[in-house]
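Here the structure comes first, spelled out in structure tokens, and everything after it is commentary.
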Amino acid sequence: MPESTDCRDEAAAQSSIRTALDEIGYRAIYVIVLTNPTELDIMALSNDTIELSGFGALTGTPKQVGDQLDRLTAEQVIALTFEHGSEPAVRALADTVVSIAPLVRTILMRRQREAINSIIEALVPQVPPPQHMLVEARMAAEARKAVLESGDWLTAPQIAKMAGFSTSNPSAQPNKWKKEGQIFAVRHRGVDYFPGYALDSAAGYRPMKPLAKILSVLHGKKDDWGLAYWFASVNSFLGGKRPQDVLAAQPERVLAAAEDELVGALHG
């Protein structure tokens with residue numbers, strides 16, 4: 001039976017590699033063998049990792065490796081040469097490359113999938129948010145803007161300067177107060193802003209002592225911005241006054257208003 005074209009091409013390729021190896025005057029060589037690349041590609045598409053069985057290594061002199069190539073049916077061969085190197089060292093390096101070769105293919109396949117997903121996302125038109133969400137976002141933005149423009153907010157460095165704290169780490173003490181529940185802060189564009197009306201100037205610009213109990217009542221019911229809105233809004237329990245305006249003179253009334261707020265939330 002005549003030899004198939006694929007067999008002749010494979011034999012010719014191995015003969016060419018063997019001839020090239022014979023002409024190399026290096027002392028040691030190793031070859032990484034990739035078998036059945038089509039099967040590996042299919043495996044890579046259906047799994048996150050590639051089996052190691054598709055890779056192998058041959059080490060030895062050019063002649064030794066060339067002789068071993070006669071017995072291989074690999075479709076692809078990668079050869080690396082070393083002018084100097086002991087047999088154990090070359091073999092160890094060969095084993096190392098064989099162990100990481102599948103990982104390289106896995107990474108390449110993952111990057112291809114990520115690139116395809118990026119193209120798909122770029123081609124899919126963005127879906128605008130519902131109209132009611134746009135209205136809510138606009139209202140929230142306007143409310144935050146009004147709160148911040150009220151002039152009642154200070155950064156940690158500003159508080160540190162007013163209170164005479166160390167300037168090496170001006171955020172340390174205000175952040176400690178916040179963590180302990182003595183004060184709250186709203187975050188805007190990566191910066192914490194603390195309510196100036198919550199600081200007692202007579203006590204060296206420390207948080208007003210009654211504030212901690214008020215915050216504990218509202219804890220878990222309002223986030224930081226929710227607290228800011230509550231303190232800045234007129235309150236019927238306080239006769240139409242804002243809690244932040246009553247806090248210094250009548251903190252017990254603000255505490256009662258917070259408790260009333262909690263009762264109202266519990267009863268819907």
Side-chain angles (χ1 to χ4, degrees), residues 5-6 9-10 13-14 16-17 20 29-59 69 72-82 90-149 153 155-157 171 175 178-179 184-194 220 222-229:
T5 302
D6 290 343
D9 291 344
E10 184 177 328
Q14 291 187 358
S16 175
I17 293 174
I29 182 169
Y30 85 85
V31 178
I32 302 175
V33 181
L34 168 61
T35 63
N36 300 325
T38 302
E39 295 178 6
L40 287 175
D41 290 341
I42 294 174
M43 199 180 306
L45 290 173
S46 59
N47 297 283
D48 292 334
T49 59
I50 300 176
E51 295 296 333
L52 299 180
S53 58
F55 297 85
L58 304 174
T59 61
L69 283 174
L72 292 179
T73 58
E75 296 181 18
Q76 299 289 335
V77 175
I78 303 172
L80 298 181
T81 61
F82 296 86
V90 173
R91 182 67 216 184
L93 182 55
D95 292 341
T96 300
V97 175
V98 168
S99 66
I100 66 174
L103 302 179
V104 174
R105 287 180 56 81
T106 303
I107 292 172
L108 291 176
M109 293 302 298
R110 186 174 70 244
R111 288 181 177 176
Q112 289 177 355
R113 289 193 295 268
E114 291 173 351
I116 292 175
N117 289 335
S118 298
I119 294 173
I120 293 174
E121 289 181 1
L123 294 176
V124 175
Q126 292 186 353
V127 179
Q131 185 63 30
H132 74 276
M133 293 184 64
L134 292 175
V135 173
E136 290 175 2
R138 183 166 59 251
M139 292 176 61
E142 292 174 353
R144 291 189 179 190
K145 183 171 181 284
V147 166
L148 292 174
E149 289 180 347
W153 301 89
T155 64
S171 300
N175 286 336
K178 180 182 176 182
K179 185 177 180 180
F184 71 98
V186 294
R187 194 160 186 82
H188 177 63
R189 295 182 179 178
V191 179
D192 280 342
Y193 289 87
F194 298 81
K222 297 183 182 295
D223 60 13
D224 290 332
W225 278 104
L227 290 171
Y229 301 149

Please report the shortest heavy-atom distance between [X] and [Y], naming the atom on each side.
X: Trp153; Y: Val147; answer: NE1-O, 2.9 Å
X: Ala140; Y: Tyr229; answer: O-OH, 3.8 Å
X: Arg187; Y: Trp225; answer: O-NE1, 3.5 Å

Out of curiosity, [X] [atom1] to [Y] [atom2], how far, rounded to the nearest 0.5 Å?
X: Glu114; Y: Gln112; atom1: CD; atom2: CD; answer: 10.5 Å
X: Leu108; Y: Leu103; atom1: CG; atom2: CG; answer: 11.0 Å
X: Glu136; Y: Arg138; atom1: CD; atom2: CZ; answer: 11.0 Å

Stepwise side chain to side chain contact (heavy atoms under 4.5 Å, CB included) check, Asp192 with Asp224:
CA-CA 10 Å; Asp192 280 342; Asp224 290 332; over 6 Å; no
Side chain to side chain contact (heavy atoms under 4.5 Å, CB included), that's the test. Do Lys178 and Phe194 meet it? Break it down for me.
CA-CA 9 Å; Lys178 180 182 176 182; Phe194 298 81; 4.2 Å; yes
